[in-house]
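Working notes, beginning with the structure itself.
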Amino acid sequence: MLQIQTLREQKDLVLAGLKKKNFARLEIVDEVLAIDEKRRQTQFELDNNLSEAKQIAKSIGELMKTGKAAEAEQLKAKTTELKETNKALEEKLSQCEEEQKQLMLLMPNLPHNSVPFGKTPEENEVVLSHGEIPILYNEAVPHWELTSRYDIIDFELGNKITGAGFPVYKGKGARLQRALINFFLDEALKEGYLEIQPPILVNEDSGYGTGQLPDKEGQMYHMQVDNLYCIPTAEVPITNLYRDVVLNEQDFPIRNVGYTPCFRREAGSYGAHVRGLNRLHQFDKVEIVQLSLPENSYETLEKMSIYVQGLLQKLELPYRVLRLCGGDMSFASALTYDMEVYSAAQQRWLEVSSVSNFESFQSNRLKLRYRKEGKTVLAHTLNGSALALPRIVAALLENNQTADGILLPKVLHPYLGFDKIA
RNA sequence: GGAGAGAUGGCAGAGUGGUCGAAUGCGGCGGUCUUGAAAACCGUUGACUGUUAAAGGUCCAGGGGUUCGAAUCCCUUUCUCUCCGCCA
């Protein structure tokens with residue numbers, strides 16, 4: 001959520017930013033400002049009345065003590081009147097607050113200056129490319145054929161016990177999952193991240209904290225009996241660790257990493273692009289989350305991007321980095337880098353990581369602050385996948401397939417206990 | 001699932017319906033002392049809103065009620081703890 005102060009003081013900047021994000025309802029800005037004005041006016045009136053009522057109540061107390069009951073009765077009559085108006089004012093105030101909040105929740109974060117204009121994924125800016133696109137042998141096939149040929153991932157079995165999008169990993173397929181998770185966690189630890197194992201079910205407050213609720217409600221699995229949600233990413237529980245927290249300046253930077261399964265309903269997705277491992281309802285991901293001082297957050301973002309690229313390099317996968325355009329960025333992000341690996345058999349780029357700086361957009365909802373010279377200031381939050389497994393697996397299988405089997409990258413051998421799937 | 005107890009400031013923990021935004025202790029910060037540190041002593045130390053700054057207002061789990069006045073009384077929701085049952 002944006003800060004109302006920003007709207008009041010830098011309206012033009014806000015409008016320009018919203019436009020870049022292709023936010024259609026620019027008139028909301030004026031609506032919010034009008035309500036805000038009304039809200040403050042109401043608050044002022046109410047405060048004055050409350051102040052008066054408080055004084056009267058106090059003097060009644062005094063009068064009672066000194067036994068001047070008659071005078072006290074007189075004052076009592078006066079307060080009943082105040083009470084009436086206060087009740088009305090209170091109602092008006094909470095109505096203003098609610099209205100203002102609802103409108104504020106509709107507004108996306110403002111994009112960073114470097115974010116390119118654009119509406120579609122085609123307008124994302126390719127920042128850099130790395131590695132050679134492999135030339136596969138003639139009989140090369142997409143990963144969903146490889147998985148059944150070597151019997152390492154069974155989509156049919158998953159259909160049987162749960163449904164589409166819940167594959168069963170078997171044998172070397174399962175071990176590959178485990179190896180990747182451990183590899184990603186170990187790398188993060190080397191980089192200085194603190195490992196966290198959070199719950200994978202979260203309550204409503206956490207959903208609101210990171211912004212999945214209310215807008216993306218339909219994308220999460222919801223346990224109605226207990227009103228809990230399956231997490232769509234470890235970002236949700238890990239970032240919410242810091243909800244309602246006031247940190248000290250010396251606590252920064254805070255760097256957490258966590259492995260969790262992730263659950264996404266992916267309502268509305270269909271077709272060839274969701275085949276095989278390309279899009280699943282349940283998948284594994286290692287996520288990095290950082291809390292940063294505002295002045296350092298963009299430097300932090302670059303470091304996170306370089307870190308994720310390092311993982312891809314170690315896995316010997318060709319990749320490119322995109323700077324997402326205003327229209328393709330997520331609601332809460334101020335700047336996002338997407339990392340895509342090239343999947344040679346499908347001949348397309350697959351998004352495997354998304355690294356974002358949310359500035360104070362999330363922390364404003366989370367009330368995540370730190371003390372700075374006696375005042376509390378919103379911290380900045382960042383996160384990134386490091387990495388999501390399914391598409392990495394897809395690319396590893398496809399790009400490394402040979403007539404003799406699938407040759408896995410060296411860095412994984414100690415984790416796997418084998419070097420090829422044949 | 002059954003029975004009971006509870007929810008107060010960073011933590012622990014007081015709080016007869018009126019001067020309680022809240023005792024006290026610990027912790028934090030500043031200082032005295034010390035070569036330095038510890039100890040001791042002194043002072044200071046919640047958040048939000050509002051304002052140029054103040055004043056003012058709100059917050060004792062959440063919501064509602066009684067009252068001139070609620071941390072304190074009533075209702076309700078949520079959560080936590082203890083005992084029993086079940087159990088990886």
Please determine if a side-chain N or O atom of [X] lies less than 4.0 Å away from the OP1 or OP2 oxygen of [N].
X: A/Arg40; N: B/U51; value: yes
X: A/Arg39; N: B/U49; value: no
X: A/Arg369; N: B/C48; value: yes

My understanding is that a pair needs two contacts under 3.5 Å, Watson-Crick or G-U wobble. By that rule, which nucleotide pairs with [N]?
N: B/C73; value: B/G65
N: B/A5; value: B/U80
N: B/C33; value: none
N: B/A39; value: none
N: B/C59; value: B/G46
N: B/G10; value: B/C26
N: B/G21; value: none

Charged N to carboxylate O below 4.0 Å: is that the case for [X] and [Y]?
X: A/Lys190; Y: A/Asp186; value: no
X: A/Arg348; Y: A/Glu340; value: no
X: A/Asp338; Y: A/Arg323; value: no
X: A/Lys170; Y: A/Asp154; value: yes

When the distance from [atom1] of [X] to [atom2] of [N] is rounded to whole Å, what number comes out?
X: A/Glu9; N: B/U51; atom1: CD; atom2: P; answer: 10 Å
X: A/Leu50; N: B/G56; atom1: CG; atom2: P; answer: 13 Å
X: A/Asn86; N: B/U67; atom1: CG; atom2: P; answer: 16 Å
X: A/Leu46; N: B/G50; atom1: CG; atom2: C1'; answer: 13 Å
X: A/Leu228; N: B/C79; atom1: CG; atom2: C1'; answer: 13 Å
X: A/Gln55; N: B/G18; atom1: CD; atom2: P; answer: 18 Å
X: A/Gln5; N: B/C48; atom1: CD; atom2: P; answer: 12 Å
X: A/Lys83; N: B/U67; atom1: NZ; atom2: C1'; answer: 6 Å

Q.
Under a 3.5 Å cutoff, is there a donor and acceptor pairing between the side chains of A/Glu235 and A/Asn383?
A.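 Yes, a side-chain donor-acceptor pair sits under 3.5 Å.
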Q. Within 45° of the axis and under 6.0 Å from the centre of the six-membered ring of A/Tyr150, does NZ or CZ of A/Lys172 qualify?
A.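 Geometry flag: not set, cation outside 6.0 Å or 45°.
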**Q.** Cation-aromatic face contact A/Lys285/A/Tyr259, 6.0 Å, 45 degrees
**A.**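 Judged by the rule (NZ or CZ under 6.0 Å from the ring centre, within 45° of its axis), A/Lys285 is not positioned above A/Tyr259.
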Span that lies between the [atom1] atom of [M] and that of [N], in whole angstrom:
N: B/U16; M: B/A61; atom1: P; result: 15 Å
N: B/G9; M: B/U24; atom1: C1'; result: 13 Å
N: B/U49; M: B/C86; atom1: C1'; result: 50 Å
N: B/A22; M: B/A47; atom1: P; result: 14 Å
N: B/U45; M: B/A55; atom1: P; result: 15 Å
N: B/C73; M: B/A54; atom1: P; result: 37 Å
N: B/C26; M: B/C75; atom1: P; result: 39 Å
N: B/G30; M: B/A38; atom1: P; result: 11 Å

Q: Check whether the side chain of A/Asp47 and the base of B/G57 form a donor-acceptor pair under 3.5 Å.
A: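 When only heavy-atom distances are counted, A/Asp47 does not reach the base of B/G57 through any donor-acceptor pair under 3.5 Å.
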**Q.** Nearest listed nucleotide, side chain of A/Ala57, among B/U49, B/G65, B/G18
**A.**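 Nearest nucleotide to the side chain: B/G18.
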Q. Choosing from B/U51, B/G65, B/C68, which nucleotide comes nearest the side chain of A/Thr79?
A.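 Nearest to the side-chain atoms of A/Thr79, counting from C-beta on, is B/C68.
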Name the nucleic acid region contacted by [X], choosing base, sugar-phosphate or nothing; use a 4.0 angstrom heavy-atom cut-off, strictly under.
X: A/Ile56; result: nothing
X: A/Lys54; result: sugar-phosphate
X: A/Thr376; result: sugar-phosphate

Q | Given RNA chain B, 5'-ward residue of the pair A/Lys58 and A/Ile4, judged by closest heavy atom | A |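 Comparing both residues, the 5'-ward one is A/Lys58.
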**Q.** 5' priority, RNA chain B, between A/Val246 and A/Lys375 [closest heavy atom]
**A.**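 Result of the comparison: A/Val246.
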Q: Check whether any side-chain heavy atom of A/Lys303 sits under 4.5 Å from a side-chain heavy atom of A/Glu299, and report yes or no.
A: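 In contact.
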